[in-house]
A.B. asks: 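Questions regarding the structure given below will be posed in turn.
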Amino acid sequence: MPPLSNLAVRDIETLIHPYTNLAAFRETGPLILERGKGVFVYDGDGKGYIEGMAGLWCTALGYGNEELVEAAAAQMRKLPFAHLFTGKSHDPAIELAERLKELVPIPASKVLFCSSGSEANDTQIKLVWYMNNALGRPGKKKIVSRLKAYHGVTIAAASLTGLANNHRDFDLPIAGVLHAGCPHHYRFAHAGESEEDFARRLAAELEQLIQREGPQTVAAFIAEPVMGAGGVIVPPKTYFPEIMKVCRKYDVYMISDEVICGFGRLGTTFGCSALGFEPDSITVAKALTSAYVPLSALTVPQAMYEAMLDESRKIGIFAHGFTYSGHPVAAAVALKALEIYARERIVDAVARNAPYFQTRLRALGDHPLVGEARGFGLMGGIELVADKRSKGPFDAKAGVAPQTVHFAQEEGLIVRFLVGDVVTICPPLIITPAEIDELFDRLGRALDRTLHWARALRLVR
Ligand SMILES: Cc1ncc(COP(=O)(O)O)c(C=O)c1O
């Protein structure tokens, strides 16, 4: 391993890195990026990488978009900060809320801004509790999420998250959060069970869970249309329609967490449209500003708004909101991003390029290391297995997917590994077919090198 640079040593001695093995990191050090252009980012030595993860599923318009930079600079010059507390307001927040209300495929009465996906999902829970208190049903408070879901890391959002590492030794999940089954047919279907039967069974299990807990205690269900950080898990086509029937039957408020899927990732403006369901509320973040500045939001339906009005009359105040709820610079950047998505027909471009992306992705399913290559739109995951036939996984300690990510980085491609040896791909939405080819060529070489490495270590035959 080459010696660490001075900057790398300073990093190791000063920063805590999220989602990093802090002990191993002391040996490997960081990959320090310096600049970006289009779908490429460059390190300090000038080496270019295809940003195959759009950062963290977020830089939808890629890097170096001058219009977004200009929108931020212009707003900073005009009014760099203003808040929405105590009835104050500003033009960018009003306009953005109007735009979002028009864009979402569900009736939305109001929009509430936050800065991160986690904050927005925490707020979703608080509003559901608040609404049910206003409606005189204080016992209806439990929230159902799903195993392998990812909804963030704050205390409530991490509790919704259905991944063991987000709970372990953090004393989570909190009480009142339940996890239903994960709609991953490859891993969780019974032998011979069709996708439709699997979806029906999951919906039946959800209904049993609600009945067991008592329908009068279950308030909401939250789901990502396609699960991201749980491993790019695409549910069967009939899954959400079946789940929605159960939610409607028991008056369970349905939240679509569109933090990854919103604004075109699946080839539709919102993921719920691609997966065939109409939630009561939508959480957005990430691509809302193409991640150039932090901003998230959730929509509030009319019935919930009326309940909030009642609470406000009773208590005298709606005591929730963050300093940066509706930050004017973030709102101005979001307005520009939404303008670009519409003008450049980004959703149409994704719909056009997605079949080719998926063809190249699924071709990796033939690789000896790949158990399943799956995805939707411009989002993909490949699950590496020790034995294709039995779907037998590698020992996590062998670090097979991390090795693929390492080789990919050497090949000039940034991808990510997740628990369960899944390598994920989620490039900026502006990626061209030629760049898609380059991405998968590089990933293919990284997989071949991983196979060679795994054979040398006798991890595979
Ligand atoms: C679906 C989903 N929800 C919520 C979050 C949390 O967002 P943040 O990291 O901005 O808190 C993420 C982050 O990746 C996500 O993918």
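Each residue takes its place number in the sequence, starting with 1. It should be emphasised that the depicted structure is a prediction, and the values quoted were computed from it without experimental measurement. Every heavy atom of this structure was used, including side-chain atoms; hydrogens, water molecules and symmetry mates were not. Remember, it's 1-based here, ligands and their atoms both numbered in the order they're listed.
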A.B. asks: Looking at Glu224, which atoms of ligand 1 are within less than 4.0 Å of one of its heavy atoms?
C.D. replies: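 Every atom of ligand 1 under 4.0 Å from some heavy atom of Glu224: 1 (C).
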A.B. asks: Any atoms of ligand 1 less than 4.0 Å from a non-hydrogen atom of Ile260? List them with their elements.
C.D. replies: 16 (O)
A.B. asks: Is the NZ or CZ atom of Lys47 positioned over Tyr42's six-membered ring, under 6.0 angstrom from the centre and within 45° of the axis?
C.D. replies: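 Ring-cation test returns no.
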A.B. asks: Which heavy atom of the protein is the closest neighbour of atom 10 (O) of ligand 1, given with residue, atom name and distance?
C.D. replies: Gly117 N, 2.9 Å
A.B. asks: Less than 6.0 angstrom from the centroid, inside 45 degrees of the normal: does Lys37 satisfy that with respect to the ring of Tyr63?
C.D. replies: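 Not satisfied by the 6.0 Å and 45° rule.
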A.B. asks: Which atoms of ligand 1 sit under 4.0 Å from any heavy atom of Asp257?
C.D. replies: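 Numbered from 1, ligand 1 contributes 1 (C), 2 (C), 3 (N), 4 (C).
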A.B. asks: Go through ligand 1 atom by atom and flag the ones less than 4.0 Å from a non-hydrogen atom of Asn121.
C.D. replies: 3 (N), 4 (C)
A.B. asks: Salt-bridge test for Glu207 and Lys249: reply yes if a basic N is under 4.0 Å from a carboxylate O, no otherwise.
C.D. replies: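 Here Glu207 pairs with Lys249 in a salt bridge, since their nearest N and O are under 4.0 Å apart.
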A.B. asks: Using the six-membered ring of Phe440, assess whether NZ or CZ of Arg360 lies under 6.0 Å from its centre and within 45 degrees of the ring axis.
C.D. replies: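 Judged by the rule, Arg360 and Phe440 form no cation-pi pair.
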A.B. asks: Determine the interplanar angle of the His320 and Phe322 rings, folded into 0 to 90°, and report it as parallel if under 30°, tilted if 30 to 60°, perpendicular if over 60°.
C.D. replies: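 Judged by the thresholds at 30° and 60°, the geometry between His320 and Phe322 is perpendicular.
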A.B. asks: Is the Lys NZ or Arg CZ of Arg416 less than 6.0 Å from the centre of Tyr19's six-membered ring, within 45° of the axis?
C.D. replies: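 Judged by the rule, Arg416 and Tyr19 form a cation-pi pair.
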A.B. asks: Check if Lys286 has a non-hydrogen atom at a distance under 4.0 Å from any atom of ligand 1.
C.D. replies: yes
A.B. asks: Could you tell me whether some N/O pair between Ser118 and ligand 1 is separated by less than 3.5 angstrom?
C.D. replies: yes
A.B. asks: Which of the atoms of ligand 1 are close to Ser116, meaning less than 4.0 Å from one of its heavy atoms?
C.D. replies: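 Result: 10 (O), 11 (O).
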